[in-house]
*Asks:* 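Please find one structure pasted underneath; my questions will follow.
Note that this is a predicted model, so its numbers are computed, not measured.
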Amino acid sequence: MRYILFRSRVFLSLITAALLLASGNPPYAQTDALTFDAALRLAADRSQQLVAEDAAANAAREMAVAAHQAPDPTLTTGVNNLPINGADAFSLGRDFMTMRSIGVGRELTRDDKREARAARFVSEADEAQAARTVALTELQRGAASAWLDRYYRERARDILLRQRDEAALQIEAADVAFRSGHGPQSDVFAARLALAKIEDRIAVNARDIEVATTRLARWVGDSARHPLGPPPATGNVALRAGDLETTLAHHPEVALMTKQEAVARADVEVARTNKRSDWTVEVMYSQRGPGFSNMMSVNFSKPLQWRQRNRQDREIAAKLSLVERARAEREEATREHVADASASLASWRVDRERLGRYASTLIPLAGERTAAAAAAYRGGKGTLGAVLEARVAEVDIHLDELMLEMETATLWAELTFLVPSGAAHE
């Protein structure tokens, strides 16, 4: 009679566990929960890389204004033709050639040259802004992956804990069966071994959760210890296989390389304007002794570019080569991004199909197996071990589905955050 009651209690426990598993995740505490979107915003708020890129852009804009200005005038002062021997040695006024001079000079930099230099820094500011977009995309992708990693590790923990409870029931059932003469002692040891293996899996899972929490803390700080909110919807992505090349032409890293190419082209324009040297004008006033007339001088100077073919022209050729390098690297990067995105999109679609197969076939079959084993056990035609074995197999199917769901969600995050999301304000 005791054994029959125990069988009924075990069966009810199994049914309860099945209902818990079928009901999905236990509700998370919503107080101070770290939602997915909140994690993205917090990661953007805490990022110092975004601050650094903003500072770089601001610095380039300031330099653009400075580069557009005309050169500062140069003040010159000194003493010319000072005697150093004889009766007039070191006298500033007795020799008619001695002059105390002061002058102002200035390079007459052409407008096109100053505009080219300013445009170069404007391009550099645009490059810094593009680098900021790349940084924002990378931090969103990193924060999203870290959040999803912890979320699914915690869901795996829930499944493992239920599996541990069922393994404990199996030990108790095997022990009762052995003591009542309905089962061998080897079933008791087998059940204990199964429980020990589950405990080890739980320990590994606890390590994985701690690692995932640490990685999440890299993005969101102390908030990584908060309970997590519900997961994002990962059933759709904006990318389409036929439009990948067009869409990824605006990929942040490709856009950054486009801006870098623009900087290289601006360098070419600066080099071209340098082929024409600028005049420098200097006006000098010279004072002589009381008995002599004061003097004024006006001087013009200009660099003589008498080897342009080996200097200025080669500098332009070098800058043009850098433009070609930037263009080639950009095109190669575009092809690589298209290939990677195409592979990720294909993997995501296959994983979605596999999840559908789990929902429509694998999980129902595992549930039917458990129900059949339980019915046979109730009718006295089956063993408790068969029921629990079927139940553990069903839990393992749910665990496999969860790991596949995590892989699918990670692919979704990679595809979704190829460009910055509006979920994180800039």
*Asks:* If you measure from the Lys or Arg side-chain nitrogens to the Asp or Glu carboxylate oxygens, is any gap between E261 and R265 under 4.0 Å?
*Replies:*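 A salt bridge links E261 with R265.
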
*Asks:* If only side-chain N and O atoms count, and only distance matters, is there a donor-acceptor pair under 3.5 Å linking S47 with Q49?
*Replies:*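 Short answer, no.
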
*Asks:* If you measure from the Lys or Arg side-chain nitrogens to the Asp or Glu carboxylate oxygens, is any gap between R157 and D208 under 4.0 Å?
*Replies:*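 Looking at R157 and D208, the cut-off is not met.
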
*Asks:* Do you know which two heavy atoms are closest between Q129 and A57, and how far apart they sit?
*Replies:*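 Taking Q129 first and A57 second, the nearest heavy atoms are OE1-CB, 3.4 Å.
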
*Asks:* Could you check whether any side-chain N or O of R106 sits under 3.5 Å from a backbone N or O of P71, counting only pairs where one atom can act as donor and the other as acceptor?
*Replies:*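 Yes, the answer is positive, given that a donor and an acceptor are paired below the 3.5 Å cut-off.
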
*Asks:* With rounding to the nearest 0.5 angstrom, report the OG1 to CZ distance, T35 to R41.
*Replies:*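 Going from OG1 on T35 over to CZ on R41, the span is 5.5 Å.
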
*Asks:* Inspect the contact between D111 and R114 and indicate whether a charged nitrogen and a carboxylate oxygen are less than 4.0 angstrom apart.
*Replies:*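 Salt bridge present between R114 and D111.
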
*Asks:* Ion pair present between R272 and E269, side-chain N to carboxylate O less than 4.0 angstrom?
*Replies:*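 The answer is yes: the pair qualifies as a salt bridge.
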
*Asks:* Check this for me, if you would: do D149 and R218 make a salt bridge, where the nitrogen-to-carboxylate-oxygen distance has to be below 4.0 angstrom?
*Replies:*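 Looking at R218 together with D149, the answer is no, because their closest N to O distance does not fall below 4.0 Å.
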
*Asks:* One thing to verify: whether K259 and E253 come together as a salt bridge, which I'm taking to mean a side-chain N less than 4.0 angstrom from a carboxylate O.
*Replies:*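 No.
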
*Asks:* Run the numbers on E331 and R327 for salt bridge (Lys or Arg N to Asp or Glu O under 4.0 Å), then give the verdict.
*Replies:* CA-CA 6 Å; E331 291 188 4; R327 182 205 59 79; 2.8 Å; yes

*Asks:* For L304, is the CG atom crowded, meaning more than 12 foreign heavy atoms sit under 6.0 Å from it?
*Replies:*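 Atom CG in L304 is not packed in, count stays at 12 or less.
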
*Asks:* For the OH atom on Y285, are there more than 12 heavy atoms of other groups (residues, nucleotides or ligands in this structure) within a distance under 6.0 Å?
*Replies:*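 For Y285, atom OH is crowded (more than 12 foreign heavy atoms under 6.0 Å).
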
